[in-house]
Trainee: 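The structure is given below, and queries will be raised subsequently.
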Amino acid sequence: QQSTLFPYTTLFRSQTVFGDGNPGAELMFVGEGPGREEDEQGIPFVGAAGQLLTKMIAAMQFERSQVYIANIVKCRPPRNRVPEPGEAQACLPFLKRQIELVRPKVIVTLGATPLQYLLGKTGIGRERGIWCDLDGIPVMPTYHPAYLLRAPERKGEAWSDLKQVMARLGGSPAETSRRREGTSGTP
Ligand code: URA
């Protein structure tokens, strides 16, 4: 069944959206899957939700180019629907390899889809803000920025999750400034 999924989704998308950012990043974000703008540009999180994510990254004192951004599925699902389990499973080995290669210090998952497929959990409202472990990497689940655009009253909760991530990455002022200058990436 899985082998038919690639041709199926590739009928609807214009290109694969694999990932973006610094392959030596200490901070990695995982979203759901490309939308229309991402499918057009081949870059994750460039639409409205992406602009909010970019602001969230800046609020954390990172440049977008210093972090790494990926998604559960690499092809835009038809009409932006939530990825089906088979599609997520088909793409998961690619994401796992991205995580292995980047080896981030912390992963932030955005919304219900990565919570489900990367961490095997449901209930983002309950699970957000609580650290998880993925093969030794600390993972912080938080809300998806597209949800925050619809429910701005939840932004405070997301910010408290991101502050936990900043505290965990912490480091000395020197480390922080190196990170700002974009020279902190492990090769
Ligand atoms: N939403 C996602 O989950 N990923 C993207 O790349 C864009 C929007």
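Sequential numbering from 1 along the given sequence is applied to the chain's residues. When reading the values below, keep in mind they use all heavy atoms of this one structure, side chains included, and skip hydrogens, waters and symmetry mates. Just follow the structure's listing: the first ligand is 1, and inside any ligand the first atom is 1.
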Trainee: Only heavy atoms of G31, strictly under 4.0 Å: list the atoms of ligand 1 that pass.
Mentor: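 Under 4.0 Å from G31, ligand 1 has these atoms: 3 (O).
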Trainee: For H144, take its heavy atoms, then give the atoms of ligand 1 lying under 4.0 Å from any of them.
Mentor: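 What qualifies from ligand 1 is 1 (N), 2 (C), 3 (O).
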Trainee: Below 4.0 angstrom from a heavy atom of E32, which ligand 1 atoms are there? Numbered from 1 as shown, please.
Mentor: 2 (C), 3 (O)
Trainee: How about P85 and Y117: do any of their side-chain heavy atoms sit closer than 4.5 Å?
Mentor: yes
Trainee: For ligand 1 and G35, I'd like to know whether there is a polar contact (N/O to N/O, distance under 3.5 Å).
Mentor: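 Checking ligand 1 against G35, no N or O pair falls under 3.5 Å apart.
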Trainee: Please state which protein non-hydrogen atom is closest to atom 4 (N) of ligand 1 and give its distance, to 0.1 Å?
Mentor: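 Among all protein heavy atoms, the one nearest atom 4 (N) of ligand 1 is N71 OD1, 2.8 Å.
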Trainee: Checking a contact table here: which protein heavy atom is nearest atom 5 (C) of ligand 1, and how many Å away?
Mentor: G33 O, 3.3 Å
Trainee: Heavy atoms only, cut-off 4.0 Å: how does A49 contact ligand 1, side chain, backbone, both, or neither?
Mentor: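 It is neither part, as no heavy atom is under 4.0 Å.
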Trainee: Determine the sole option in R97, K96, R103 for which the side chain to side chain donor-acceptor pair (under 3.5 Å) test with E100 is passed.
Mentor: R97
Trainee: Taking the six-membered ring for Trp, are H144 and F29 closer than 6.0 Å centroid to centroid?
Mentor: no
Trainee: So, R81 and E87, do they make that salt bridge, N to O below 4.0 Å?
Mentor: yes
Trainee: For ligand 1, which atoms, with element, lie under 4.0 Å from some heavy atom of P44?
Mentor: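 By the 4.0 Å cutoff, the relevant atoms are 6 (O).
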Trainee: Begin from the C-alpha positions of K74 and Q98 and carry the test side-chain hydrogen bond (donor to acceptor under 3.5 Å, both in side chains) through to its verdict.
Mentor: CA-CA 12 Å; K74 311 304 187 193; Q98 284 172 298; 2.6 Å; yes
Trainee: Are I137 and L92 linked, directly or through other ILVMFWY residues, by side chains that come within less than 4.5 angstrom of each other?
Mentor: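 I137 clusters together with L92.
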